[in-house]
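A note on names: the letters A, B, ... follow the listed sequences, proteins ahead of strands, and every chain is numbered from 1.
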2 protein chains.
Amino acid sequence: MQQGRQTWKAVRERIHDWILSGRYGPGDKLPKDSELALQMDCARSTIQRAMQDLSDSGIIERRRKGGTHVRKNPLVRATLDIPVTRHEIEGRGGQYGYQLIEKVQRPPTRAVQAALGMAEPQDMLQIVCLHLSDGRPYTLENRWVSIETVPDILQVDLTRENANEWLLKNAPYTRFELKFYALNADEKTAELLSVQQGSALLAIERATWVDEAAITTVTAITAPGYQLLSRS
Amino acid sequence: MQQGRQTWKAVRERIHDWILSGRYGPGDKLPKDSELALQMDCARSTIQRAMQDLSDSGIIERRRKGGTHVRKNPLVRATLDIPVTRHEIEGRGGQYGYQLIEKVQRPPTRAVQAALGMAEPQDMLQIVCLHLSDGRPYTLENRWVSIETVPDILQVDLTRENANEWLLKNAPYTRFELKFYALNADEKTAELLSVQQGSALLAIERATWVDEAAITTVTAITAPGYQLLSRS
DNA sequence: TGACACAATATGTAGCTACATATTACGAAT
DNA sequence: ATTCGTAATATGTAGCTACATATTGTGTCA
């Protein structure tokens, strides 16, 4: 870090302190960038970078011409990294295993249609599979793939290759949504994951699109004890 | 967006496409910024911004002198917004309610010590409370506050004021960690949340620090059906 | 051979200018 | 009074230069 110059991180902390100390409360308008630049004796670009970062963190809101305001409702903004299951398992020293359970072409359920925002339901490929760590069930994956968007999926040998990794390589997405919730293991899930029926399990649901076309939606039901951690 | 000039977002997409198309695979080294700037006929600062964004998204890794590499393990990086419970409830048109259930000064459990990384356990303030939406239980909060870091907490009337909101105003944190998992409702939890014993519930655990000093750790157990969504 | 100092190098940051863009504010016209 | 076009304005972005910093690589000396 330089000595005599202001760093944008220092500027960010200074402004953040103003907000934390209550000098600028929720909803208050902050001075415009050029004014702060003058006041803090630095370039507007430095202020801009600091402000952008505070905006990304959900602390302030900026609008052209409207100016910069402290967010009315403070919030905690966290970043989560969701790795490919194989890497997650191997990363902690486990032996990755994979098992295809079901693969059927059929019309999507209402829930799947809703998750992907599909107007005209066409046949999709449903794939149920199990990821194992050292031979023990790790996550149970229930996936629906759009045949229209990804026709090549029908040619893939899913008994050997994992649909998730194939899709990542062959059908990159431009947008995605995630959803987390808890559910009680039903009979089938309990059997496949080798847990007691009724166990509380964490479900991670993901939907992906390329532009506006739906690619896939997948619900990964994790084995008991699974925890999702925020980054750093 | 300007016409004749390259935007950093366009540059980002172009580089991203190289990666998606396999032109640069996992672990591959990308040309240095100045080279790309020449190649794409734009300023290095534009490349820098694009690269920074790709780096933030977890797609590439940059190291000074080491250069820029495509990440070996692709991952999904998501951003979550966790609002203050009151705002969350009011934001969806509900009537917010609050109820203090327990408030005791006592030594922390091993789990709490571990969560906050405390070396020498001292008495903390344990606060159990319930957040309600339209009179129905919404989340059950089990909180431990460091009396050493936040002595003023002892003077607060927690039957009227919510510890979370008081802490946000009076003990701003510099670092936090989040953890999500599923659990089965035990007898006490089931009663307080008015759900059947054994119901699967989503737990959101948060720990906060100011510099290295622990402030608080809180486990929010949400009512059934609660879903956590990734931002935009 | 090994340790250590130092040069080389790619990214990171600050400052400047110029222009783009979104949105508010205002004034004219109906 | 309401609608609409236009000017004013604060933020957003691109390009340039200069320098900082981290890390790799290399050469020197014991």
Side-chain angles (χ1 to χ4, degrees), chain A residues 1-16 18-19 24 26-72 77 79 231-232, chain B residues 1-16 18-19 24 26-72 77 79 231-232:
Chain A
M1 202 66 46
Q2 293 103 322
Q3 300 296 329
R5 308 165 96 169
Q6 295 266 25
T7 70
W8 66 267
K9 287 182 181 179
V11 169
R12 182 194 57 191
E13 286 320 305
R14 209 161 142 191
I15 297 170
H16 196 182
W18 288 352
I19 296 169
Y24 290 95
D28 286 0
K29 182 172 185 171
L30 288 161
K32 63 184 178 189
D33 293 10
S34 52
E35 215 164 287
L36 287 173
L38 215 75
Q39 198 177 319
M40 296 199 184
D41 189 37
C42 66
R44 180 166 82 86
S45 51
T46 306
I47 302 285
Q48 159 76 14
R49 242 176 291 189
M51 288 297 207
Q52 201 50 251
D53 193 74
L54 286 168
S55 177
D56 287 345
S57 305
I59 293 167
I60 60 173
E61 284 176 319
R62 317 195 82 203
R63 270 193 350 276
R64 281 174 167 165
K65 164 83 183 178
T68 304
H69 293 257
V70 178
R71 269 191 77 103
K72 305 136 307 286
R77 183 161 292 171
T79 304
R231 202 167 78 83
S232 93
Chain B
M1 205 65 45
Q2 292 105 318
Q3 300 295 330
R5 308 166 96 168
Q6 294 266 28
T7 70
W8 67 268
K9 287 181 181 179
V11 169
R12 182 195 56 191
E13 285 319 305
R14 212 163 140 190
I15 297 170
H16 196 183
W18 289 352
I19 295 169
Y24 290 96
D28 285 0
K29 182 172 186 171
L30 287 161
K32 63 183 179 189
D33 293 11
S34 51
E35 216 164 286
L36 287 173
L38 215 75
Q39 198 176 321
M40 296 199 186
D41 189 36
C42 66
R44 180 167 80 87
S45 51
T46 306
I47 302 286
Q48 159 77 12
R49 244 177 290 189
M51 288 297 208
Q52 200 49 252
D53 194 73
L54 286 168
S55 177
D56 287 345
S57 304
I59 294 167
I60 60 172
E61 284 177 319
R62 317 195 84 204
R63 271 196 348 277
R64 280 174 169 167
K65 163 85 183 180
T68 305
H69 294 257
V70 179
R71 269 192 75 103
K72 304 136 307 287
R77 183 161 292 170
T79 303
R231 201 167 77 85
S232 93

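- The two atoms that bring B:G58 and B:R71 nearest to each other are O-CD, 2.5 Å, heavy atoms only.
- Contact between A:P31 and A:L36 at its shortest, heavy atoms only, is O-CD1, 3.7 Å.
- With values rounded to the nearest 0.5 angstrom, B:H69 atom NE2 is found 12.5 Å from B:S55 atom OG.
- Checking C:dT11, D:dT13, C:dG15 against every side-chain atom of A:R44, the shortest atom distance belongs to D:dT13.
- Among the nucleotides D:dT11, C:dT13, C:dC16, the one closest to the side chain of A:D33 is D:dT11.
- Heavy atoms of B:Q52 sit under 4.0 angstrom from primed sugar atoms or phosphate atoms, though from no base atom.
- One N or O on the side chain of B:R77 and one on the backbone of B:D56 form a donor-acceptor pair closer than 3.5 Å.
- Distance CE (B:M40) to C1' (D:dA14): 15 Å, rounded to an integer number of Å.
- Spacing between atom CD of B:Q48 and atom P of D:dT21 amounts to 16 Å, rounded to whole angstrom units.
- Between D:dT11 and A:T68, a contact under 4.0 Å exists linking OP1 or OP2 to a side-chain N or O.
- Atom pair A:R62:CZ and C:dT24:P shows a separation of 15 Å (rounding to whole Å applied).
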B:R49/B:R12 under side chain to side chain contact (heavy atoms under 4.5 Å, CB included): CA gap, chis, key distance, verdict: CA-CA 8 Å; B:R49 244 177 290 189; B:R12 182 195 56 191; over 6 Å; no

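- One can place CH2 of A:W8 at 20 Å from C1' of C:dC16, the figure rounded to the nearest angstrom.
- The CD-P distance, from A:E61 to D:dA10, rounds to 18 Å in whole Å.
- For A:S57, the side-chain contact (heavy atoms from CB on, under 4.5 Å) partners at least two apart in sequence or on another chain are A:D53, A:I59.
- Phosphate proximity of C:dA14 to A:T7: present, with a side-chain N or O under 4.0 Å from OP1 or OP2.
- Comparing A:A10 and A:R63 by the nucleotide of DNA chain C whose heavy atom lies nearest to each, the residue mapping closer to the 5' end is A:A10.
- In this structure, the NZ atom of A:K29 is 11 Å from the C1' atom of D:dT11, given to the nearest Å.
- Atoms CD1 (A:I47) and C1' (C:dT13) sit 15 Å apart, rounded to a whole Å.
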Identify each atom pair where a protein N or O and an N or O of nucleotides 5-9 of chain D are less than 3.5 Å apart, giving names and distance.
residue: D:dT9; atom: O4'; partner: A:K65; partner atom: NZ; Å: 3.1

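- Rounded to a whole Å, the CZ atom of A:R49 is 13 Å from the C1' atom of D:dA14.
- In this view, A:D33 and A:R44, A:I47, A:Q48, A:M51, A:R62, A:T68 satisfy the side-chain contact (heavy atoms from CB on, under 4.5 Å) rule, not counting sequence neighbours.
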